[in-house]
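Nothing fancy with the numbering, it's 1 onward along the sequence. The figures here come from the full heavy-atom set of this structure, side chains too, leaving out hydrogens, waters and symmetry mates.
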Amino acid sequence: MIFLDKGTENKWKCRIFVSYIMSETQEIKDGLTASEETEAREDATYDHIVKYTGFLGGIQVLTILVNVVRNKLAAVLLGTAGVGLSALYQSVIGFLHNTSNLGISFSSIKEIAEFYGGNHPEKVLRQVEVVRTWSVWTGGAGMLLCLLLSPAISYWAFGDTSHILSLCLLSPVMGFMAVTVGEISILKAVRRLKRVAVISVLGAAATLLLTIPFYCFWGISGVVPALVVSTFGIMVVHLCLSLPVFPWCVDLLSREYFRKGWSMVRVGVPYIMAMVVNMSVGMGISLFITNWGSLSDVGLYGMGYNLVFAYAGVVFTAVEADYFPRLSSVHADAGRMNLAINRQIKVCVLLMSPFLVLFMISMPLVVRLLYTSSFLPMTGMAVCASMHMFFKSMTLPVAYTSLAKGDAVMYLCMEAAYDIFMAVCVMVGFVYAGILGTGIALALAGVFDWWMIYAVYGRRYGFKSDKAARSFIAAQFLCVAAALYLGMQPEIWLKVAAGGCVLGVSVWLSASAIRKEITLFSELKRKIGGRFGKRRRLSK
């Protein structure tokens, strides 16, 4: 660990690191050509957005598949009791980490991205050091919090004090996680997206390889060491890919770093509070459905919600990793901010709409493949809830505006208003229409969220939707609405025939937009054609 001292030595070290970072900024960012570097620094072209949305989405799918294998092996080796114990430990760790982290893992992206977008390498370096210093501080605080609260958590979660030692042994995980999220936020902020993608896959693979041996040899007793070792392995993966970009440098005794970090805390704490509100609302809905209905209803609602929001939400993976740092770097310029938002909206709708159409009309098959036929009663709920994701593709790029501008209190208020409205709708929908009513309620919540964000953020931040894209979005909305109607029909032949036509129209609309706005695929086609032509000439 390196500590920067004040005075001449500090300036000398900073010059070395600044020269290193300046040489890094001269390289091609994430494999882009020199001509594309300027575009990426400003607002990012449609090519860039589609490229990294598809790339990171594909990586997320691969990561999900690795996690599915890990969960399957864990279920076989540990049984339901072991899997439940592991899930409970992870929930406790996640709660303590989010509480002690103060939202720095998210707010630090904005701080670094602003300096990076303004081409200030020295400020980028200094902010990276601030983030790492605060990561170590919050990691230590998380470890101490875990040790102090282990008796209370053991009694609250398990009804006795038999798990105090296990929870104390898990305290190092808090430090590992704090360093890990700090490193990944740094890479996202400076748009090292290929490294972020590699970390995602390697992290999932490391978790699989490091946990399964403990499960094989020690069974349920290996849950705690598996969590500690796998979290340490993930931290090592992050450091191996981030240290070549920014060498490790912290100053744990710096008052300057402590003072600079408070700007991140002011943004991060409301963000964490919004997460707490969301989690509380989710727990409240589950308790309401349990009391009004049954545990089976809770299971159907939970599985349907996860099916729509987890799997369909893969398309939004790039929003935080790629889009939010770009938006943070241009938020001060209203014109560039609106351009970045509208481009991201169009790409999200372009990619999400055909997927939702296919998702809706094939929902019974999807449920059977991912779950069992006993979950088919949630089909209608999942189809209706999928409409929420269409509106989310239009609202999510706009919703990040408040965070990009550092107005985290507004973000908290908007999220709280949406969560409360959604909770009321879901409860009323369940009372009057059962599980299907919850899906309808989620769709209505999506409409409300879209209306609220466009109205409030348009007035507060000057956001204006692109008029040229409205016709495209309206056409895709009609396709998704038609898929919603067909997905609710019991006749398979109608879904196949009419649904195929609707899917074809949706794909055609997106393909037309791709040909008009995006040159990535045409260039790829030209390169492939050039290679085939070269082979033909050589064969002659």
Looking at Val277, Ile285, Asp449, Val424, which one forms a side chain to side chain contact (heavy atoms under 4.5 Å, CB included) with Asp419?
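The side chain to side chain contact (heavy atoms under 4.5 Å, CB included) with Asp419 is passed solely by Val277 among Val277, Ile285, Asp449, Val424.
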
Check side chain to side chain donor-acceptor pair (under 3.5 Å) between [X] and all other residues, then give those that pass, not counting sequence neighbours.
X: Arg459; value: none
X: Asn338; value: none
X: Thr231; value: none

Rounded to the nearest 0.5 Å, how far apart are [atom1] of [X] and [atom2] of [Y]?
X: Ser135; Y: Met177; atom1: OG; atom2: CE; answer: 12.0 Å
X: Ile341; Y: Leu396; atom1: CD1; atom2: CG; answer: 11.0 Å
X: Tyr301; Y: Met378; atom1: OH; atom2: CE; answer: 13.0 Å
X: Leu478; Y: Leu509; atom1: CG; atom2: CG; answer: 9.5 Å
X: Met422; Y: Glu415; atom1: CE; atom2: CD; answer: 10.0 Å
X: Thr395; Y: Trp451; atom1: OG1; atom2: CH2; answer: 14.0 Å

Taking distance alone, no hydrogens or angles, what donor-acceptor pairs closer than 3.5 Å link side-chain atoms of residues 352-361 to residues at least two apart or in another chain?
| residue | atom | partner | partner atom | Å |
| --- | --- | --- | --- | --- |
| Ser353 | OG | Val349 | O | 2.8 |

Just to verify, what does [X] make a side chain to side chain contact (heavy atoms under 4.5 Å, CB included) with, not counting sequence neighbours?
X: Leu239; answer: Val179, Glu183, Met235, Ser242, Leu243, Trp248
X: Met410; answer: Ser402, Asp407, Met414, Val456, Tyr457, Arg460, Tyr461
X: Ala178; answer: Thr138
X: Ala399; answer: Ile453

Find out whether [X] and [Y] are in side-chain contact, i.e. whether some heavy atom of one side chain is under 4.5 Å from a heavy atom of the other.
X: Val181; Y: Phe176; value: no
X: Met337; Y: Thr401; value: yes
X: Leu484; Y: Val480; value: no
X: Asn342; Y: Lys346; value: no
X: Val124; Y: Phe246; value: yes
X: Trp450; Y: Phe390; value: no

Verify side-chain contact (heavy atoms from CB on, under 4.5 Å) between Ile345 and Ser393, making sure each step is shown before the conclusion.
CA-CA 6 Å; Ile345 290 173; Ser393 65; over 6 Å; no

Of all heavy-atom pairs between [X] and [Y], which one has the smallest distance, and what is that distance?
X: Ser386; Y: Ala382; answer: OG-O, 2.7 Å
X: Trp134; Y: Phe258; answer: CZ2-O, 3.2 Å
X: Thr379; Y: Met363; answer: CG2-CG, 3.6 Å
X: Ala385; Y: Leu442; answer: CB-CD1, 3.8 Å
X: Ser465; Y: Arg470; answer: OG-NH2, 2.9 Å
X: Met427; Y: Gly284; answer: CE-O, 4.1 Å

Met273 atom CE: more than 12 heavy-atom contacts under 6.0 Å:
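No, because the 6.0 Å sphere around CE of Met273 holds 12 heavy atoms or fewer from other groups.
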
Sequence neighbours left out, what pairs pass side chain to side chain donor-acceptor pair (under 3.5 Å) with at least one residue falling in residues 473-483?
Gln476-Ser506, Gln476-Ser510

Applying ring pair (Phe, Tyr, Trp, His ring centres under 6.0 Å), can you list everything that pairs with Phe472, at least two apart in sequence or on another chain?
none

With Phe448, which residues qualify under ring pair (Phe, Tyr, Trp, His ring centres under 6.0 Å), at least two apart?
Phe421

Are any side-chain N or O atoms of His97 and backbone N or O atoms of Met174, one a donor and one an acceptor, separated by less than 3.5 Å?
no

Looking at Arg195 and Leu241, would you say the former's side chain and the latter's main chain have a donor-acceptor pair under 3.5 Å?
yes

Could you tell me whether Glu129 and Arg132 have a side-chain N and a carboxylate O separated by less than 4.0 Å?
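No, no charged N to carboxylate O under 4.0 Å.
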
Taking distance alone, no hydrogens or angles, what donor-acceptor pairs closer than 3.5 Å link side-chain atoms of residues 429-439 to residues at least two apart or in another chain?
| residue | atom | partner | partner atom | Å |
| --- | --- | --- | --- | --- |
| Thr438 | OG1 | Ile435 | O | 2.5 |

